[in-house]
Colleague: 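Could you have a look at this structure, given as structure tokens, before my questions?
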Amino acid sequence: MTTTKAFKLVSGIALTAALGMSPALAGPGPDEDQLVINEDIEIVTEAAAPAHMEYVDTIYSGWRFREDDTQVMQMDDFDNPAMIYVDKAIDAWNTVEGAEEKSCASCHGDPESLRGLRAELPKWNADKGEVYTAEMYVNDCRTERMGAEAWGWNGQDMRNMTALISSVSRGLPVNVAIDGPAQETWEKGKEIYYTRFGQLELSCANCHEDNYGNMIRADHLSQGQINGFPTYRLKDANIVSMHNRFRGCIRDTRAETFSVGSPEFVALELYVASRGNGLSVEGPSVRN
Amino acid sequence: MKRTLTAFSVLLVGASAASAADVIAPADVPYGEYGEVAVSLSGQPGDMEKGKVLMNRGAGNCIACHQVTALEDLPFHGDIGPSLDGVADRWEEADLRGLVANAKNYFPDTMMPGFYKYTGFIRVGDAYTGKAGIDPAEPLLTAQDIEDVVAFLMTLKDG
């Protein structure tokens, strides 16, 4: 027994040395491509990891792990299938709704007035005394300021609106605050990130920190960043929300997931967003 | 689906099928000092052809994480774990059985799931539904599945 084990370690080292790669990054890794949208908006897809990250030196957008034909769709808004949802959101933005007979535009003017917001979300909402996501802000305006019905967190209208909110911040650096009143929520999100859930006992970190760049079956693992959300997924032929992505990844570990919009997923969103501090806001992006 | 398939294959082997009494329940596995398991979990020998199928499909899906040259006709081998080529030269049968049953005995932090592990999970789900499951859970592979996979692994020799 002990001999076979020693043998195993030796052969493992020999193999790694022979192939000349580090065991941590045996797969194809991120590519070297650069992302400029509409020949205008330069997107930072690689940056030094924020100081709070202990185990990663460089952060990468998920775009860098996708095939060329998927990547190219995001380089021009005419080719980006997510942009039709942004257009729908612009219509909704200008539509009067609810008892107060107001539209978003009545108070906010152009959608561009929200430029910069996406880069800071989720953030502490002092009035409400909790960390707020885009969905929570939008629904507060609908219910409290317009007298309209709340949209479902994962509903099409809400996903469209978050795509619009993201699109007007494209190119700005993600800069989520993790200290002050948000810190407690951030810590909670961090704990979830490192917890090995389900019958497969896998954490976000197992796949997206320890193995980004590697292949798991046919999937090229990225760092699981959320700077590109909502993302248009080719397999769904629609845009998907962050929480829906989280839910899918946890479900795949044969675990009981948390719900979309739950406090756990808000905390996870804050933590994962903060792992992207320094990348550009990129959503709505295109992924497979 | 999985369960009906297994039941069906037990019928096919007919007389040689393991009687339930010979099967070692997940809670009773006699793990050795390092995590090795010296006896067949089903009381029966493994079938390497069936093991080969499990390497690719169902709850096995070993090539999601491992490259195996003998299975190179199958697409998409992952590279999360080491290549399993020559694994029978590196490990004895009892070790391979123990590794598949619960690799965490050998490598405490490993990403490799415990295929005969049945309890001690956090928020265990009902398969891939995302809904709550029950603990203790049905192990990912049956005792006979593990024997079949081990029989296949034993064919992976470099020499």
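These numbers come from the heavy atoms of this one structure, side chains and all, not from hydrogens, waters or symmetry mates. Labels below follow one simple rule: chain letters A, B, ... track the order of the sequence lines, proteins then strands, and each chain is numbered from 1.
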Colleague: Measure B:Thr129 against the heavy atoms of chain A and call it side chain, backbone, both or neither at under 4.5 Å.
Modeller: backbone
Colleague: Please check if the number of heavy atoms outside B:Lys117 that lie under 6.0 Å from its NZ is greater than 12.
Modeller: yes
Colleague: Does any heavy atom of chain A fall under 4.5 Å from the side chain of B:Lys104, the backbone, both, or neither of them?
Modeller: side chain
Colleague: Closest approach of B:Gly130 and A:Arg251, non-hydrogen atoms and distance?
Modeller: N-CG, 3.5 Å
Colleague: With a 4.5 angstrom heavy-atom cut-off, is it the side chain or the backbone of B:Asn56 that approaches chain A, or both, or neither?
Modeller: both
Colleague: Under 4.5 Å, counting heavy-atom pairs only, tell me which of B:Ala127, B:Gly114, B:Ala94 racks up the most with chain A.
Modeller: B:Ala127
Colleague: For the CD atom on A:Gln34, are there more than 12 heavy atoms of other groups (residues, nucleotides or ligands in this structure) within a distance under 6.0 Å?
Modeller: no
Colleague: For B:Ile80 and A:Leu221, what are the C-alpha separation, side-chain angles and deciding distance, and is it a side chain to side chain contact (heavy atoms under 4.5 Å, CB included)?
Modeller: CA-CA 10 Å; B:Ile80 305 283; A:Leu221 282 169; 3.8 Å; yes
Colleague: Looking only at non-hydrogen atoms, find the nearest pair between A:Leu200 and B:Tyr128 and report the distance.
Modeller: CD1-OH, 3.9 Å
Colleague: In terms of heavy-atom pairs under 4.5 Å, which option from B:Gly133, B:Gly81, B:Gly120, B:Pro113 contacts chain A the most?
Modeller: B:Pro113
Colleague: Please check if the number of heavy atoms outside A:Glu191 that lie under 6.0 Å from its CD is greater than 12.
Modeller: no
Colleague: With a 4.5 angstrom heavy-atom cut-off, is it the side chain or the backbone of A:Thr195 that approaches chain B, or both, or neither?
Modeller: side chain
Colleague: Could you walk me through whether A:Asn211 and B:Met111 pass the side chain to side chain contact (heavy atoms under 4.5 Å, CB included) test, one step at a time?
Modeller: CA-CA 10 Å; A:Asn211 280 291; B:Met111 250 181 93; 3.0 Å; yes
Colleague: Has A:Arg254 got its NZ or CZ under 6.0 Å from the middle of the six-membered ring of B:Phe121, at an angle within 45 degrees of the ring axis?
Modeller: no
Colleague: Taking all atoms of both residues into account, what is the closest heavy-atom pair of A:Gln199 and B:Glu138, and its distance?
Modeller: NE2-O, 2.8 Å
Colleague: For the atom pair CZ (B:Arg123) and CD1 (A:Ile192), what is the distance rounded to the nearest 0.5 Å?
Modeller: 8.5 Å
Colleague: With a 4.5 angstrom heavy-atom cut-off, which part of A:Ile216 approaches chain B: side chain, backbone, both or neither?
Modeller: both
Colleague: Just give me the residue among B:Gly125, B:Pro75, B:Gly86, B:Gly78 that pairs up with chain A most often, heavy atom to heavy atom, under 4.5 Å.
Modeller: B:Gly125
Colleague: Find out whether A:Arg217 and B:Cys65 are in side-chain contact, i.e. whether some heavy atom of one side chain is under 4.5 Å from a heavy atom of the other.
Modeller: no
Colleague: Taking A:Met215's backbone N and O only, do any of them form a donor-acceptor pair with B:Asp79's side chain (distance below 3.5 Å, no angle check)?
Modeller: yes
Colleague: Any side-chain heavy-atom pair from B:Ile122 and A:Arg196 closer than 4.5 angstrom?
Modeller: no
